[in-house]
Every structure is written in C-alpha cells, then in structure tokens.
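As structure tokens, the structure follows; a few thoughts come after it.
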Amino acid sequence: MSKMIHKKDVKYLASLKNKKFRLLNNEFVIEGSKLILDALKHNQLIQKIIYSTKVENFNAIRQQSKKHNIALILCTTKDAERISDTKNSQQIFALLKYDSFITAKNNLNTLNGPVVIIDGISDPGNVGTILRTCSWFGCNTIMITNNSVELYNPKTIRSAMGAHFHMQNIYRDTIENIVKYLKDNNYEILGANMSGSNFSQYKIKSNNWALVLGNEARGLSEEVKKIAHLIHIPAGDKKMESLNVAEAGSIIMHHLFKK
C-alpha cells in the first residue's frame, strides 16, 4: 500500500511551479501517465511518483516504479489540484531531478553532429515544439541562451511531450560564448532570418551544422547575424507575412536532415 503524502511535500511540489524554486533545487514536476511512462522508459532521475487515483496505465507505472525502486505516494484530489499547474489536474505526477546545464565557455569537449540553438525565444510553447522537432529528427544537442524562456517551465514540458527526455546534451550560456564554442569546433552556423538566402538552395557542407532560431519579435542576436549564413523560407503565395519560429524551425530542420 502506498504511503500518504505529507503536507510539507505538497507545499514543496506546488512551489516548483515557480521558476525560482526549480532553479534553486534542479527539480521539476511532470504531470500525466503518458509523460511519466516516457520518463521511466528513458531512465530519467525520478525522485517519486504522486497520485490521487489509479489513472490509465497505472499498473504499468507501478510495475516500472517497483523495478526502479521509485516510491509511489498517495495524495488527495485537493492536493493534486494544488500541485498541478493546469485547471484540470491529471491526478498523477512525478518529481524529477535534472542535471546542471553544460556551459559553452571554457568547455574543452569536442562537439559532433547537428545542433539547434534557441536564441532568446520567450514563448514556452515554441521552445517545447522545437524540442519535439529536434527529437523527431534525432538532433540530441540543444543550446539555449540565458535570455530564453526556462527549459523546465511547465508549459515547455507540456508542449515538448517528453522530448526533454531524449536530449543527450543541453547547453545554456550567452550567445557570444555559444557562437565562440561552435566556431572553435569548426561548425557551419546557419541563422533563420527573413533577409537570408532561399533555404532550399543551401547545401550543408558536413553533418556538423548548427541552426540558430531567434526571438519571436526581435529575431536573431546581432552576434549571430555577423557570423552565420542567413537562410529563409520563401512564401508560397505571399499572403502571410511570416511563420511562427517553431514552424519555421521544423521546415528548415526537415530540409537539413533530408540533405
């Protein structure tokens, strides 16, 4: 039989809706049986699983929890509503620990394979969608600038639908340090920009390329514009002024990985 949750634990889990406490403790909460099963499958650092009712896939979660020696803790419906950051709680949660981000500055590790850089993107839904696209194409290295939305924001987690668990390397640093690190590793740097050349006519030279996706309103950092090869997606019938950054990223990634 599962243990009953303590009030202080409910308070702590609810506090992780706040960015300050996620960053302070390197922990975050995921919600829903599908996401929890995916985290279990990819051996994430699950500290405990909290539930108020035996939801769909509960038996599979219980079996996996037992296998990985993860505590299952019972809470009330009211507790679940307090822990959840949505209006309609899914009634099951997992507390996860995440590793500290890698910094690009002074990093002597050799980088290999495609990289996607999130340069000042502020919408958590866009970042989550970009992570999903990266996961789909097997791009497992992400770099995110310090002025971007936090990677473990609950809305980013929901939007990414488990893509966080597929990333092998996550860097967080200033765009200046990221660009220098890429140049030191002889990377071909591409920037999505409306004034760039037609992306379909661009041929990548090797598998060591980095795609930079910029802020929704301001676009790419000046640092990127100076050194990147700028590419854009030409409009079909020119009725739309622009594409959402996550949509543009998906189209460009499809082209680059096809090459």
Side-chain angles (χ1 to χ4, degrees), residues 38-39 41-45 98-121 126-146 148-152 156-157 159-193 196-197 199-214 220-221 223-233 245-259:
D38 204 21
K41 179 183 171 185
H42 289 92
N43 298 313
Q44 296 302 292
L45 301 171
Y98 65 87
D99 293 326
S100 296
F101 297 116
I102 307 165
T103 56
K105 189 178 183 182
N106 302 324
N107 193 328
L108 300 176
N109 292 338
T110 303
L111 196 60
N112 278 302
V115 177
V116 169
I117 297 105
I118 294 162
D119 177 21
I121 296 177
N126 282 337
V127 171
T129 302
I130 291 164
L131 287 178
R132 282 176 69 187
T133 306
C134 288
S135 174
W136 182 264
F137 288 113
C139 175
N140 301 316
T141 298
I142 291 289
M143 295 184 175
I144 185 162
T145 59
N146 292 335
S148 298
V149 69
E150 184 215 355
L151 207 61
Y152 294 101
T156 306
I157 298 288
S159 176
M161 295 179 70
H164 286 75
F165 312 147
H166 313 153
M167 297 298 126
Q168 291 171 4
N169 303 299
I170 301 174
Y171 293 74
R172 189 175 179 98
D173 212 323
T174 64
I175 192 64
E176 292 81 8
N177 288 340
I178 286 171
V179 164
K180 184 181 183 304
Y181 182 52
L182 290 168
K183 285 171 77 176
D184 288 348
N185 279 272
N186 300 312
Y187 261 69
E188 190 177 351
I189 303 173
L190 309 171
N193 187 271
S197 58
F199 84 115
S200 64
Q201 292 168 2
Y202 185 79
K203 292 181 181 177
I204 49 173
K205 299 173 183 70
S206 75
N207 204 36
N208 284 358
W209 54 262
L211 173 64
V212 190
L213 301 170
L220 297 170
S221 301
E223 188 75 19
V224 174
K225 287 180 188 174
K226 286 176 197 169
I227 56 94
H229 183 93
L230 303 180
I231 53 176
H232 88 285
I233 304 162
V245 65
E247 293 166 346
S250 299
I251 294 167
I252 295 170
M253 275 189 255
H254 178 257
H255 170 73
L256 293 172
F257 278 99
K258 203 167 61 171
K259 296 291 179 185

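Throughout, residue positions are numbered sequentially from 1 according to the sequence presented. Only a predicted model underlies this, so the values are computations on that prediction, with no experimental measurement involved.
Remark: Thr145 OG1 to Glu223 CD distance equals 12.0 Å, nearest 0.5 Å. Between atom OH of residue Tyr202 and atom CG of residue Leu190 there is a gap of 5.0 Å, rounded to the nearest 0.5 Å. Between the OG atom of Ser250 and the CD1 atom of Ile233 there is a distance of 9.0 Å, given to the nearest 0.5 Å. Here Phe137 contributes atom CZ and Leu256 contributes atom CG; the two are 9.5 Å apart, rounded to the nearest 0.5 Å. Distance check, rounded to the nearest 0.5 Å: CD of Glu188 to NE2 of His229 gives 8.5 Å. Thr133 OG1 to Glu247 CD: the interatomic distance, rounded to the nearest 0.5 Å, is 10.0 Å.
Shown here for Cys139 and Phe257, the closest heavy-atom pair between the two residues is CB-CZ, 3.7 Å. Residues Met167 and Cys134 approach most closely at CE-CB, 4.1 Å, considering heavy atoms. Nearest heavy-atom pair across Asn146 and Arg172 is O-NH2, 3.0 Å. Contact detail for Leu211 and Ala192: the closest heavy-atom pair is CD1-N, 4.4 Å. Closest heavy-atom contact between Ala246 and Ile130: CA-CG1, 4.0 Å. The two residues Leu111 and Tyr181 make their nearest non-hydrogen contact at CD2-CE2, 4.1 Å.
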Between Asn177 and Asn107, does a side chain to side chain contact (heavy atoms under 4.5 Å, CB included) hold up when you go through it step by step?
CA-CA 10 Å; Asn177 288 340; Asn107 193 328; over 6 Å; no
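Checked against side-chain contact (heavy atoms from CB on, under 4.5 Å), Ser221 has the following partners two or more places apart in sequence or in another chain: Asp119, Ile175, Val224. Listed by chain and number, the residues in a side-chain contact (heavy atoms from CB on, under 4.5 Å) with His166 are Asp38, His42, Ser135 (sequence neighbours excluded). In this structure, the side chain to side chain donor-acceptor pair (under 3.5 Å) partners of Glu150, at least two apart in sequence or on a different chain, are Arg22. Every side-chain contact (heavy atoms from CB on, under 4.5 Å) that Thr110 has, sequence neighbours left out, goes to Asn112, Asn185. Taking Lys180 as the reference, Asp184 meet the side chain to side chain donor-acceptor pair (under 3.5 Å) condition, with sequence neighbours excluded. Residues passing the side-chain contact (heavy atoms from CB on, under 4.5 Å) test with Asn140, sequence neighbours excluded: Gln168.
Asn193 places no side-chain N or O within donor-acceptor distance of the main-chain N or O of Leu230, the cut-off being under 3.5 Å.
A donor-acceptor pair shorter than 3.5 Å cannot be found between the side chains of Thr156 and His164.
For the side-chain contact (heavy atoms from CB on, under 4.5 Å) test with Met143, the passing option among Val179, Val212, Val115 is Val115; the others fail. Checking Leu213, Val245, Val149, Ile142 one by one against Val127, the side-chain contact (heavy atoms from CB on, under 4.5 Å) holds for a single residue, Val149.
Looking at heavy atoms from C-beta onward, Tyr98 lies out of side-chain contact with Leu45 at the 4.5 angstrom threshold. Counting heavy atoms from C-beta on, the side chains of Ile170 and Asp99 never come closer than 4.5 Å.
Few gaps surround CG on Asn109; more than 12 heavy atoms of other groups in view lie less than 6.0 Å from it.
Using bins of under 30°, 30° to 60° and over 60° for the plane-to-plane angle, the ring pair His255/Phe199 lands in the perpendicular bin.
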